[in-house]
**Q** 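Dumping the structure here so I can ask a few things about it.
Bear in mind that the values here come from a model prediction, so they are computed numbers and not experimental data. Each chain gets a letter, A, B and so on, in the order the sequences are listed, and its residues count up from 1.
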Number of protein chains: 2
Amino acid sequence: MSTSASASPEPRPPGRVRLEDVAAAAGVSRTSASRVMLGQGKVSDRTRRRVLAVADELGYVTNVAASELASGGSSTVGLLLRDASNPAYGLLFSELQKAGHAAGVTLLSMTIKHDDQGRQQVASLHRLMGMRVAGLIVATGGVTSDQLEPFRDRLPIIRAGRPESSGRIHAVSYDEEDAARRLAEHILELGHTDVAVQTARAEDSYPEFVRSTVMAQLLEIRGATVHRLEYRRGHDAMDESVDLARRGRVSAVMVPSDLRQLTLIRRLHEAGLRTPEDVATTGCDGILPGIDLLGLTTMRIAVEDVAERTIANIARMIGATGTGDDAGSGGSAEAGPGDPAGGRVVHERLPGRFIQGRTAGPPRTTGRTPA
Amino acid sequence: MSTSASASPEPRPPGRVRLEDVAAAAGVSRTSASRVMLGQGKVSDRTRRRVLAVADELGYVTNVAASELASGGSSTVGLLLRDASNPAYGLLFSELQKAGHAAGVTLLSMTIKHDDQGRQQVASLHRLMGMRVAGLIVATGGVTSDQLEPFRDRLPIIRAGRPESSGRIHAVSYDEEDAARRLAEHILELGHTDVAVQTARAEDSYPEFVRSTVMAQLLEIRGATVHRLEYRRGHDAMDESVDLARRGRVSAVMVPSDLRQLTLIRRLHEAGLRTPEDVATTGCDGILPGIDLLGLTTMRIAVEDVAERTIANIARMIGATGTGDDAGSGGSAEAGPGDPAGGRVVHERLPGRFIQGRTAGPPRTTGRTPA
DNA sequence: CTGTTAGCGCTTTCAG
DNA sequence: CTGAAAGCGCTAACAG
């Protein structure tokens with residue numbers, strides 16, 4: 001495998017091998033060679049075998065650029081991703097790749113930093129468009145619907161992991177509301193009546209915004225006293241949370257992400273407070289390795305499901321089959337690309353799983369309202 | 001920005017806009033338009049301005065496939081990545097993207113699952129080659145030097161995060177030996193003389209193999225009694241570790257990764273053993289969020305540095321400048337691609353940082369050999 | 001079943 | 001400074 005410089009008379013030059021070279025060496029025309037490589041059309045078994053053998057021997061690999069140019073379309077799907085150092089996004093990325101692989105969809109990934117008010121995002125978007133991807137998966141909140149809209153009628157776009165408000169863009173997302181509800185209900189069941197909820201602004205993190213909003217609302221509806229602590233750049237609301245807990249004003253602090261919960265617990269420890277004895281805490285995500293050791297009470301979001309459904313949808317929209325079968329060369333015309341059969345916009349929400357953990361216990365005061 | 005269907009007489013079709021369209025609308029030739037888009041050659045200021053304006057208005061984006069085909073070379077770098085659900089790889093991925101971005105290098109990422117004895121890897125490699133990337137960054141152990149070798153003389157290849165044995169492939173890696181040494185010395189300093197070391201096989205995880213091997217060797221050289229517990233598929237060596245600890249045969253267990261350390265701690269807890277009171281443990285990586293809360297004693301590998309150096313090297317090799325300047329259109333001939341000035345193979349090892357943590361304390365028996 | 005003939009959209013000599 | 005012409009390597013109708 002490693003040192004196979006044997007029978008070949010000519011010491012094959014390092015330069016790239018063209019299909020034409022393969023065809024010549026196999027004694028057929030470019031067309032036939034092409035057909036073999038594409039696995040389409042009718043080719044005699046002998047021809048196919050020969051071409052394949054020669055191609056392998058010569059180390060031929062299809063020039064994707066030329067291929068796409070000639071055929072007028074790529075089969076790869078662009079993936080706009082957010083900073084994968086966030087474990088939740090890293091996992092989503094992996095799962096998308098895995099699912100894509102299984103479905104025969106090649107993903108072209110591009111991460112973007114979430115600063116720079118969308119300007120950078122647009123640039124990445126353009127590069128992806130320049131590569132003439134067949135579809136687009138957007139797995140970052142940074143890009144707004146407006147920025148996506150102009151491309152919407154050139155290719156199918158689907159958001160992964162975040163709901164989409166625009167009626168023309170597909171989405172497979174985590175059911176944040178369900179997650180928020182279940183966490184809030186858990187806190188209520190434990191008997192907490194005074195709760196601090198760290199809230200995010202929609203423009204900073206939409207998922208966290210939804211989570212925190214729903215949690216706070218549900219708690220209030222059920223008669224609990226809620227302290228909303230909004231955080232933003234340069235103000236993480238942690239000090240206020242710790243302060244409220246220390247003064248006994250709240251017996252539980254709910255935050256909209258596990259990363260924040262870690263920070264919170266850290267701060268509480270520094271202040272000499274323990275979970276769940278002194279204060280109950282909940283987070284959200286459930287992705288971090290070692291979460292069980294930390295005993296975080298949280299929701300595990302359905303990353304695998306979201307990835308799987310996202311790929312399934314986009315694959316259908318671009319007509320990929322993964323086995324090389326043809327998905328019908330005609331029939332995509334006026335309806336616009338990316339419309340699933342019937343022109344309906346996909347809009348799925350996948351629920352997660354509650355993780356009991358050990359950071360949320362009953363309040364120290366026996367749970368009665370001080371009334 | 002969103003609803004700009006104004007002055008244009010013809011309701012511009014949703015289809016792609018070609019450079020020719022731009023040229024026509026601007027009243028110049030394709031050639032001039034091309035020159036403007038490439039930012040090269042001499043074009044009058046008025047022409048440039050007009051072309052740019054029209055291009056923007058029409059929403060023109062360069063067809064990368066056609067461009068690369070015509071110019072015979074892409075400026076993107078392929079990135080072969082391992083499963084990003086592993087936090088260490090997820091972070092490396094992010095950092096590479098970030099560094100690439102800063103250096104003006106576009107990365108084309110592709111993750112691979114680490115099963116399937118390299119067969120899958122080769123397929124991904126081929127796809128990347130098919131995209132005619134200008135260089136290749138390999139950030140996964142799964143791909144062997146032999147598999148890389150055939151492509152070595154077509155483009156520069158650099159390994160990120162893992163050392164490379166082949167003398168022809170570049171590498172920027174973590175200094176695993178240094179990490180192993182420092183951890184082992186820490187254990188020795190604490191007074192441990194009987195230590196279990198979970199070892200990995202080179203073919204399963206080379207970094208973990210090096211770490212565990214070096215740790216064990218150093219411990220032995222210094223006179224400690226080492227129990228090597230090798231793990232492989234279906235046997236994680238955890239039971240043996242717990243058993244040795246419970247029977248007091250070892251006072252410390254060293255494992256070659258934090259993920260494993262988490263598993264170990266979990267198992268120890270289940271067996272009623274605590275760290276560091278009953279047994280000391282160390283891991284390696286230091287990437288996990290919340291590592292401070294868990295108090296893991298470990299080494300933080302230099303992910304950021306590795307990413308930065310990797311990009312710097314590959315950028316130089318492919319002659320990228322990030323500002324669009326030309327790096328000399330001639331001069332790359334016999335020396336082979338990817339050879340840095342002088343033809344030397346890059347081979348950097350970057351040291352990490354020790355993290356004290358709380359999982360490793362002194363042995364319960366006062367540290368004297370039972371002799 | 002196979003080969004021939006045109007391009008895909010862009011970059012690039014080479015003349016104006 | 002600008003345009004005309006010639007492909008890059010491949011696929012896609014068309015004939016054989």
**Q** For A:Ile318, run the side-chain contact (heavy atoms from CB on, under 4.5 Å) check against A:Val77, A:Thr76, A:Asn313 and tell me which one passes.
**A**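 The side-chain contact (heavy atoms from CB on, under 4.5 Å) with A:Ile318 is passed solely by A:Val77 among A:Val77, A:Thr76, A:Asn313.
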**Q** Does B:Asp21 have any side chain to side chain contact (heavy atoms under 4.5 Å, CB included) partners at least two apart in sequence or in another chain, and if so, which?
**A**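 Residues passing side chain to side chain contact (heavy atoms under 4.5 Å, CB included) with B:Asp21: B:Val17, B:Arg18.
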**Q** By nearest nucleotide on DNA chain D, pick out whichever of B:Val28 and A:Ala65 is the more 5' one.
**A**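 Its nucleotide being nearer the 5' end, the pick is B:Val28.
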**Q** Test of understanding: with side chain to side chain donor-acceptor pair (under 3.5 Å), list the residues that count as partners of A:Asp45, not counting sequence neighbours.
**A** A:Arg49
**Q** Walk along DNA chain D from 5' to 3' and tell me the first and last nucleotide with an atom closer than 4.0 Å to a non-hydrogen atom of chain A.
**A** D:dG9 to D:dA13
**Q** Can you tell me the distance, in whole Å, between the CG atom of B:Asn63 and the P atom of C:dC10?
**A** 6 Å
**Q** Can you tell me which residue pairs pass the salt bridge (Lys or Arg N to Asp or Glu O under 4.0 Å) test with a partner in residues 25-43 of chain B, sequence neighbours excluded?
**A** none
**Q** So which atom in A:Ala33 and which in A:Val28 form the shortest heavy-atom distance, rounded to 0.1 Å?
**A** N-CG2, 4.3 Å
**Q** Is there any ring-ring contact (aromatic ring centres under 6.0 Å, His included) pair reaching into residues 45-77 of chain A, and which pairs are they, with sequence neighbours excluded?
**A**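 Those involving residues 45-77 of chain A do not exist here.
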**Q** Give, ordered by number, those residues of residues 44-55 of chain B having at least one heavy-atom distance below 4.0 Å to an atom of DNA chain D; if nothing qualifies, reply none.
**A**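 Going residue by residue through residues 44-55 of chain B, the ones with a heavy atom under 4.0 Å of DNA chain D turn out to be B:Ser44, B:Thr47.
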**Q** Please convert DNA chain C into dot-bracket. A pair counts if it is Watson-Crick or G-U wobble with both distances under 3.5 Å; crossing pairs go in [ ] and bases paired with another strand get |.
**A** ||||.|||||||||||
**Q** Once side chain to side chain contact (heavy atoms under 4.5 Å, CB included) is applied, do any residues pair with A:Ala139, and if so which ones, sequence neighbours excluded?
**A**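 Here the qualifying residues are A:Leu79, A:Leu81, A:Leu92, A:Ala160.
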**Q** Going by side chain to side chain contact (heavy atoms under 4.5 Å, CB included), name the residues that satisfy it together with B:Val61, two or more places apart in sequence or in a different chain.
**A**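 By the side chain to side chain contact (heavy atoms under 4.5 Å, CB included) rule, B:Val61 matches A:His126, A:Met129, A:Arg132.
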**Q** Applying side chain to side chain contact (heavy atoms under 4.5 Å, CB included), can you list everything that pairs with A:Ser44, at least two apart in sequence or on another chain?
**A** A:Arg46, A:Thr47
**Q** Spell out protein contact along nucleotides 11-16 of chain C as letters: B when the base is contacted, S when just the sugar-phosphate is, - when no protein heavy atom is under 4.0 Å; keep the 5' to 3' order.
**A** BB----
**Q** B:Gln97 vs B:Ser109, test: side chain to side chain donor-acceptor pair (under 3.5 Å). Steps then yes/no.
**A** CA-CA 9 Å; B:Gln97 291 276 170; B:Ser109 328; 3.2 Å; yes
**Q** Considering residues at least two apart in sequence or located in another chain, which fulfil the side chain to side chain donor-acceptor pair (under 3.5 Å) criterion with B:Ser145?
**A**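 In terms of side chain to side chain donor-acceptor pair (under 3.5 Å), with neighbours along the sequence ignored, B:Ser145 is linked to B:Glu164.
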**Q** Between B:Glu149 and B:Thr144, is there a side-chain donor-acceptor contact under 3.5 Å, judged purely by atom types and distance?
**A**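 No, no side-chain donor-acceptor pair sits under 3.5 Å.
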